[in-house]
Amino acid sequence: MAYVPVPKDLTKVKTKVMFGLTRRQLICFGAAALVGVPLFFLTKGSLPQSAATFLMILVMLPFFLFAMYEKHGQPLEVILGNMIRVLFLTPKERPYQTENAFTAERNQRKLKKEVNAIVKRSYERQTQRSTKTGKAHTGRKEADRRSDEAGKGGRQKAHRPADHTL
């Protein structure tokens, strides 16, 4: 009886489409052939055959790399994208910054002291004004001390019939 090894991690197994190649490999090899073979035949007449072959290999090499290279499950274009982002798009120096709770508390105390000082100065100004005018200035309007019978206007409840419209 024949034994077939079965891999334990099935996420790394790729489905083979044709000739033992994956779909990605077939597409990349086909693109390499579409670019490299016509280039070889176009340059074969003007360059020596070995130079035309070498040029064809150099042009086809990136397609082969995109088809075959994979590191930690990531294809070459993902790796190149990460390298470009890290090397060129992000800043070189990224300073480490933290939010210190003690600094926030100290700033809060400082702001509270400032508010208290403003309130104290305002109170002192009001007391100075009240000593000049002879009355305490509380910032409120003088209360209406008339009795209800004198007609304060709006203090007594008005009796309205149910069919009365406002």
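None of the values given here were measured: they were computed from a predicted structure. FYI, the numbering just counts along the sequence from 1.
Considering CD of Glu77 and CG of Asn82, their distance stands at 11.0 Å, rounded to 0.5 Å. Residue Asn116 holds its CG atom at 14.5 Å from OH of Tyr123, rounded to the nearest 0.5 Å. Note that OH of Tyr69 is 9.0 Å distant from CG of Leu80, once rounded to the nearest 0.5 Å. For the atom pair CG of Leu39 and OG1 of Thr53, the computed distance is 10.5 Å after rounding to the nearest 0.5 Å. Rounded to the nearest 0.5 angstrom, Met56 CE and Leu42 CG are separated by 12.5 Å. Between the CZ atom in Phe63 and the CD1 atom in Ile27 there is a gap of 12.5 Å [rounded to 0.5 Å].
Sparse packing is recorded around CD of Glu114, with 12 or fewer heavy atoms of other residues, nucleotides or ligands lying under 6.0 Å away. Taking a 6.0 Å sphere around CD of Gln49, one finds it holds 12 or fewer heavy atoms contributed by other residues, nucleotides or ligands.
A salt bridge links Glu105 with Arg109; the closest basic N to acidic carboxylate O contact falls under 4.0 Å.
Thr90 contributes a side-chain N or O that, together with a main-chain N or O of Val86, makes up a donor-acceptor pair within less than 3.5 Å.
Sequence neighbours left out, not one pair with a member in residues 53-65 passes salt bridge (charged side-chain N to carboxylate O under 4.0 Å, His left out).
Here the side chains of Pro62 and Leu65 are not in contact, with every heavy-atom distance at 4.5 Å or above.
Residue Leu58 is found in a hydrophobic cluster whose other members, listed by chain and number, are Phe54; membership requires side-chain heavy atoms under 4.5 Å apart, directly or through intermediates.
Shortest non-hydrogen contact noted between Pro38 and Ala33 is CD-O, 3.5 Å. Nearest heavy atoms, Arg24 versus Phe66: NH2-O, 3.0 Å.
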